[in-house]
Q: 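Pasting in a structure now, in structure tokens, and then I'll have a few things to ask.
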Amino acid sequence: MTSPFFMAFLPELVLLAGGLALFFVTLGEGLARRARLIATATALVALAAAVAGLGREAVLFSGAYRVDLFSQVLKLVLTAGFAGVLGLSAQLPDIRQRIQPEYFLFLTLSVTGLVLLVSCVDVVALVIALELSSFPLYLMVPMRREREGQRSQMESAVKYIMFGVAANGVMLFGLSYLFGLTGTTSLPVMAAQLGPIVQSPLVVLGLALSFCGLYYKLAIFPFHFWTPDVYQGASNETAGLIATLPKIGAVAVLVRLVSLATPQHGTIALLLSCLAVGSMLFGNLLALGQTDFKRLLGFSGVAHAGYAVVGFVALSGAGFAAALYYITGYVLMVLACFVVISRVSRDGANVAVADLAGLHRRSPLLAATLIVGVFGLAGIPPFVGFFGKLSLLTAALAGGHLVLVVITMVNAAIAVYYYLRVVREAVFGDPVADAPALALDTSTRVLCVVLIVAIVALGVAPALMMDTLSQALTAINLPLAAS
Amino acid sequence: MTTPSFTFLGLPILSVLIFSPLVAAAGAMLIGSERLLRGWALLCTTVVAALSLPLWWRFNPETADFQFREQVAWIPFLKIDYALGVDGISLLLVLLTTLILPLCVLASWTYIKTRIKEFFICLLVMESAMIGVFCARDAILFFVFWEAMLIPMAVLIGVWGGPRRLYASLKFFIYTMAGSVFLLVALIALRLKTGSFDLGGMVGQQFSPVFQFWVFAAFFLSFAIKVPMFPFHTWLPAAHVEAPTAGSVILASVLLKMGTYGFLRFCLPITPQATLALAPWMLVLSVIGILYGGLTALAQNDLKKLVAYSSVGHMGFATLGIFSLTTQGVEGAVLVMINHGVTTGALFICVGVLYERLHTRELSAVAGVGKLMPVFTGFFGVFCLSSLAFPGTNSFIGEFLVLAGSFAHSKWITICVVPGVVLAAAYMLRVLQRVAFGGTSNPVHEGLQDLGWREVITLTPLLVAVLWIGLHPQPVVGVLHATVRNLLLQVGPLVP
């Protein structure tokens, strides 16, 4: 049952309209407040449109764009995450007032790119959506105020864009192989044509290179080198965005691309296993020594990307669903951490782990948010991180990857140490003498409570989301119904 | 035979027991006054204890089936159920948990002076998780409760503990976590073999010996850390010494039992062949634990450390009984678990009583308080005698059964244990002698108060339990008999 164009495309239309309105706002002067208001309204309307769009199905733009359960669920997650990031960006102390409208414009455009991305089933459209989601981020990183003559934000921005462009180039190169082998840019047609020749080295090479652009977004070792520097150099709110939403988009596209390979494909599975192990070990070991909380989250993000890839190794629907569920939970938990960072931060400066000392006295709600987020990341029940890991490991073990599962669990045990360090400061430490109590505004309180409830609720009752995801994945690369 | 169903206000009783402490913790968040908070915590834990008592009367000891069962699909995608039930072993441990918690609240009445609200919330959340562990019939539900205890326990040690509390708290957390990650892998592997996380479905499956060996190894690592068995015991003295009284009591009385409970619930029935093959090694580790714990306890001057090392020895008896794989041995092991909960819990409360008055736990500094605190010394004396398994006290029955069971299994092992029994008498009598009669007049002891009514009320139930189990153990053993026989039938040919 296909829906009319307007209804099927509603979330994207809302976001585009919001982007357009923000563009006009950027032409004026001193309209930061209005820009924030428009962006927030856009996020909330888009969220409502995404809720209304659940269950719609349509094929648009000559078969390049597919609206199905898979894309609609992710659009819901993305727009909700958009609202969360805006709640995080309520203050923006480190972005000059004059360019704040541009900040909100680029934020909205980047999210628009991601929302488009999850529906693309044509590689050209996919690359364009990926670029649309990436380029605004390249511009948001250097927007941070210069402090004490340091220009670390510029260094980060250059690293981010250079790595990004290089990774995209490799991805395009790989996609050109796939195009050359099949003569089509449409993923469903490609899937059907690759079926018989999927074991040939050229297909493996094409697929492996195509994944690179996504590894970069996900920050998989060895494509992660930008991560800690960009987290450190970008303002807290920008880092909060970069750490969260693009990863959902990357996992979604990775699901589409990886499912081109059949479940019996040993080489792809081996490749993914190596990347997963590398990411987990590298991320966790380097996170052990970090003192800056954002850098710590950056390295832990590398490790978590590795966990998510564990779900792909089985090349099964259950594994893909687990990866999507895991990354959704990850976004919630990291958002919780970034809410704490942006509120604890003084005038937008970076937050060291030691700055969290005695947080429970300065603001019990923030401390609770941090604890839930960090223990969730550590994979302790009943938070979403635990059931994410459980379903990832179950899928991987069902695929016979015992060694990978054991390595993953060893890594989970290593990671507990640095997460505990954070908790130790926040809960057991005493605040430094001149640290004031933190007063939270209502929107922050609401955001904290919503994040805590979501992290616990997704952990205690994951059935609904998991069932929806696995249902959505059954038909992901099947030939189009009507084009 | 049908198992009795039993509800409270229309809700299944086990769920009520698990979740009412959580509700109480949520209620505690709304209370501001410290006096009210203490009262609320005491009221709630007492109500939970009262609610758990009918389990004892309604339990049918004739059958080895799980009783008061509940089962609802929880996460169908992964085949995880919300399944609860108790057999003889879990019944006793649930009762131990619910009955010891009000005493923990009483023991913390004046001991805890800062952040009282958070303290009682942690205590209540712990109670929920502990009851949950003993009732869970689904592997993941078990694991969730198992891990859920980590955070509140680490907080109990880390916030209200002694000078090195952070070190002890992190050590406890990381040790336990490191053990449990492999438990999770083993559970997933079992789920893939049997098709669901149902614990009942994992029993009697005839897995291949190699598979059994690896699963047993994962189980062993996790449970041996929790018990703790030698050489995984090093977190225990640190945690015990630093924890506040209530934390030590919970740790000793309930948390350590989860390791041995895990052996009984997972290793024996699910990996019987591996259990049979590896039992001699387990016995050797148990004997080392008993001797090592006794020798180390003999050399301690810190009372809490002494009791902590004596725990290593006592838990060695429990694992000795379990891996003797005889009816008497396993029944004795469960009794040792219960007795250790009662006696060691009581000893920690006694040490806490001294610490509150003298702010020291050094044996030399508390020597001679017997003259000034006769009531205290009376209680303390009985608990010390119980700890060294004096006939007529509870521990005697447990250790006697364990030794009888292990004798049937292997004479030599049992002979090796005998020095351990002597050591227990040596270190406990040394403490008792010093505390009751030792020293001359110490000026610090001027004006020392004897036990107040609150402390007497705290210790009396434990004293009653010591003598009741010691003199009339039949009801407790009777509850166990069918369950233990069934458990051992799952391992292999029954040995008396």
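Residue numbering restarts at 1 for every chain, and letters A, B, ... go by the order of the sequence lines.
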Q: Is it the backbone or the side chain of B/Ala189 that comes under 4.5 Å from a heavy atom of chain A, or both, or neither?
A: both
Q: Any chance OH of A/Tyr417 has more than 12 other-residue heavy atoms, nucleotides or ligands included, within less than 6.0 Å?
A: no
Q: Is it true that B/Lys171 and B/Tyr175 share a donor-acceptor pair across their side chains at a distance under 3.5 Å?
A: no
Q: Tell me yes or no: between the side chains of B/Ser15 and B/Tyr82, is some donor less than 3.5 Å from an acceptor?
A: yes
Q: So which residue, B/Ile188, B/Leu184, B/Ile80, ends up with the most heavy-atom pairs under 4.5 Å with chain A?
A: B/Ile188
Q: When you compare the side chains of B/Ser169 and A/Arg424, does any donor N or O come within less than 3.5 Å of an acceptor on the partner?
A: no
Q: Please say which of B/Phe134, B/Phe266, B/Phe223 ends up in a ring-ring contact (aromatic ring centres under 6.0 Å, His included) with B/Trp146.
A: B/Phe223
Q: Is chain B contacted by the side chain of A/Ala378, its backbone, both, or neither, given a heavy-atom distance below 4.5 Å?
A: backbone
Q: Tell me, for B/Leu187 versus chain A, whether the close heavy atoms (under 4.5 Å) come from the side chain, the backbone, both or neither.
A: neither
Q: Is there a side-chain contact between A/Met465 and A/Leu324 (heavy atoms, below 4.5 Å)?
A: no
Q: Sort out for me which of B/Leu78, B/Leu170, B/Ile151, B/Ile75 touches chain A most, counting heavy-atom pairs under 4.5 Å.
A: B/Ile151
Q: Is B/Phe182 close to chain A through its backbone or its side chain, or both, or neither, when contacts mean heavy atoms under 4.5 Å?
A: side chain
Q: Considering only heavy atoms and a distance below 4.5 Å, find which of A/Val460, A/Ile371, A/Val406 pairs most often with chain B.
A: A/Val460
Q: Go through A/Ala318, A/Ala321, A/Pro382, A/Ser391 and name the one with the most non-hydrogen pairs under 4.5 angstrom from chain B.
A: A/Ser391
Q: Heavy-atom distance under 4.5 Å to chain B: side chain of A/Leu390, backbone, both or neither?
A: both
Q: Any side-chain donor paired with an acceptor under 3.5 Å for A/Tyr418 and A/Asn284?
A: yes
